[in-house]
There are 2 protein chains.
Amino acid sequence: MNEQLSMRVESLPNLREQVVERLRLAIATGRFKPGARLVERELCEMMGVSRTSLREALRELQADGLITAQPNRGLSVSVISRKEAEGIYQVRTVLEGLAARLFARNATDRELKALRRSIDRLEAVYADFTAESFIAAKSEFYDILLNGAGNETASAMLLRIHTRVSQLRVVSLSSAERAERSIAELREFLSALEARDEDRAWSLCIQHVENAAKAALAALN
Amino acid sequence: MNEQLSMRVESLPNLREQVVERLRLAIATGRFKPGARLVERELCEMMGVSRTSLREALRELQADGLITAQPNRGLSVSVISRKEAEGIYQVRTVLEGLAARLFARNATDRELKALRRSIDRLEAVYADFTAESFIAAKSEFYDILLNGAGNETASAMLLRIHTRVSQLRVVSLSSAERAERSIAELREFLSALEARDEDRAWSLCIQHVENAAKAALAALN
DNA sequence: ATCGTAAGTCTGTATGACAAACATACGACG
DNA sequence: CGTCGTATGTTTGTCATACAGACTTACGAT
């Protein structure tokens, strides 16, 4: 968590985790479209790893709900129905609301500043938009928020949720048009955090997510 | 979800999932204690499966946070610190609050009745307590609640949370003494659901979880 | 007592194998 | 012409085996 003096030589995650990350990104950015079949041997060749490692990685993504298995028929990228999308945003709302409250309560001033800078970067990304850079900026923002909140269980769950939300966003293309409004909401949210106003932070956060949900769901059908 | 006419001959989950379930139960009931090392070969022999299947199962439990990996040193049952326990209960609070609200809104009368019966069974279990039967009764209760709520994402997350809560409960032995109080709370909760009073159901549910948290955390340290 | 080395353990990863489930194509038969 | 059955190929689910590298333990030398 706290990197201390960061004497680490190299923190290379094992092969499987690299595979997980790459697949997660491919799904989040829409390179693997919802419903696409995932054939093990193809993925092995594509990523240059053995079936052993690949399959373990797939189990992880499956546990996250990102991919779906039909017994004896293999895996495919999860298709998100309207109803599921609503459910995902409901969960995101309560978890992010919790995180907001905890951040307001627990975060250091350092973390507050980092969050502000992160919003700046997010704004910059909107100007020159790509799915990858947007996801990178967004996940930096959440890294800071969730770290500051100090609830690892919530963090882990939101990490999973966010991949699915990215997937939805790609489909609905809902981020571009909401850009300005979204940044404005985040800045207001930030001001509540800076004032250490838990309730206001909570309510602004919830509203932010619900607006995002509205935009994404509207595009869905 | 809805079993329709349930014409299925046999719904045998594949080997890996059986392994997952068995391990999950072993951890939930405290048969595998927090901190215990999990040596792959031992588990293979114990369960009569190959390393391949076992390792895939372990990945799943790892994604759930039930077991923890130290690089190159293997896996062990996650130790839950006081702080993590608090975090787990915070998450459980908001997610179960959501589920309560949704159940009050969406559940059928059938599901309401099933929930009532399930509370009866839970009460019976308290009389003749074993970790296994308690967990079985509790997970039946939640199956009904979560199904009625109709949010699969929330269901999946709470399933994970509950295993960890069981683990905590075993350690703290907090269920026995809270039995009567807990049942009373559930019955009041039920009455709110029957009245379709979302807000009251939400608030009673949250209070129930917070009481449970208090009991468990008090025993923790 | 400290250090260095050797032997053993376990993980991380790869390979090859095979039965069972499933899909596809093809041909036979009504 | 359409239906059915069979043959063929593909893919998953599972297993056995192998081996390098990280780590642990024991032992012996200094």
Side-chain angles (χ1 to χ4, degrees), chain A residues 6-27 32-79, chain B residues 6-27 32-79:
Chain A
S6 191
M7 299 277 287
R8 70 186 56 203
V9 179
E10 182 73 16
S11 155
L12 78 140
N14 51 20
L15 206 41
R16 170 178 24 95
E17 288 192 43
Q18 291 178 49
V19 173
V20 170
E21 279 323 303
R22 283 223 270 157
L23 288 176
R24 197 193 291 281
L25 191 65
I27 293 173
F32 287 172
K33 305 228 181 324
R37 289 203 52 186
L38 299 173
V39 179
E40 293 180 0
R41 199 150 48 85
E42 287 174 15
L43 293 178
C44 287
E45 285 169 19
M46 182 180 313
M47 320 200 44
V49 300
S50 73
R51 239 181 114 199
T52 313
S53 303
L54 179 78
R55 280 179 62 99
E56 288 186 22
L58 291 175
R59 273 338 123 212
E60 227 168 297
L61 297 177
Q62 196 183 342
D64 290 1
L66 276 176
I67 63 186
T68 307
Q70 294 134 294
N72 288 316
R73 292 196 28 159
L75 299 160
S76 49
V77 178
S78 296
V79 180
Chain B
S6 193
M7 298 276 287
R8 70 188 56 204
V9 179
E10 181 75 15
S11 157
L12 78 139
N14 51 20
L15 205 42
R16 171 178 24 95
E17 286 191 44
Q18 292 178 49
V19 173
V20 170
E21 279 323 303
R22 284 223 269 157
L23 288 176
R24 198 193 289 280
L25 190 65
I27 293 174
F32 288 172
K33 303 226 180 326
R37 290 202 53 186
L38 300 172
V39 180
E40 293 180 0
R41 200 153 46 84
E42 288 174 14
L43 294 178
C44 288
E45 284 167 21
M46 183 182 308
M47 320 200 45
V49 300
S50 73
R51 241 183 112 200
T52 312
S53 302
L54 178 78
R55 280 179 61 97
E56 289 185 21
L58 291 176
R59 272 338 122 212
E60 229 168 297
L61 298 176
Q62 196 183 344
D64 290 0
L66 276 175
I67 62 185
T68 307
Q70 294 135 295
N72 289 317
R73 293 197 28 162
L75 298 161
S76 49
V77 179
S78 297
V79 179

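Just so it is clear, the model here is predicted, and its values are computed rather than measured.
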Whole angstrom value for the distance that separates [atom2] of [N] from [atom1] of [X]:
X	N	atom1	atom2	answer
A:E45	C:dT15	CD	P	11 Å
A:R16	C:dT13	CZ	P	6 Å
A:N14	C:dT11	CG	P	13 Å
A:E56	C:dT11	CD	P	12 Å
A:L15	C:dT11	CG	C1'	14 Å

Practice problem: Pick base, sugar-phosphate or nothing for B:T52, based on heavy-atom distances below 4.0 Å to the nucleic acid. | Solution: base
Practice problem: Return each pair, listed once, that meets side-chain hydrogen bond (donor to acceptor under 3.5 Å, both in side chains) where at least one residue sits in residues 42-53 of chain B; pairs must be two or more places apart or across chains. | Solution: B:E40-B:R51
Exercise. Return the set of residues passing side-chain hydrogen bond (donor to acceptor under 3.5 Å, both in side chains) with A:S76 (not counting sequence neighbours), or none when no residue passes.
Key: none
Quiz item: Can you name the residues that form a side-chain hydrogen bond (donor to acceptor under 3.5 Å, both in side chains) with A:Q62, not counting sequence neighbours?
Solution: A:R59
Exercise. Indicate, yes or no, whether a donor-acceptor pair under 3.5 Å links the base of D:dA16 to the side chain of B:S50.
Key: no
Exercise. Using a 4.0 Å cut-off on protein heavy atoms (strictly under), produce a 5'-to-3' string for nucleotides 6-12 of chain D with B for base contact, S for backbone-only sugar-phosphate contact, and - for none.
Key: -----SB
Quiz item: Sequence neighbours excluded, which residues qualify as side-chain contact (heavy atoms from CB on, under 4.5 Å) partners of A:L38?
Solution: A:F32, A:L43, A:I67, A:L75, A:V77
Quiz item: Residues two or more places apart in sequence or in another chain: which of them pass side-chain contact (heavy atoms from CB on, under 4.5 Å) with A:L15?
Solution: A:Q18, A:V49
Quiz item: Rounded to the nearest 0.5 Å, how far apart are CD of A:E56 and CD of A:E60?
Solution: 9.0 Å
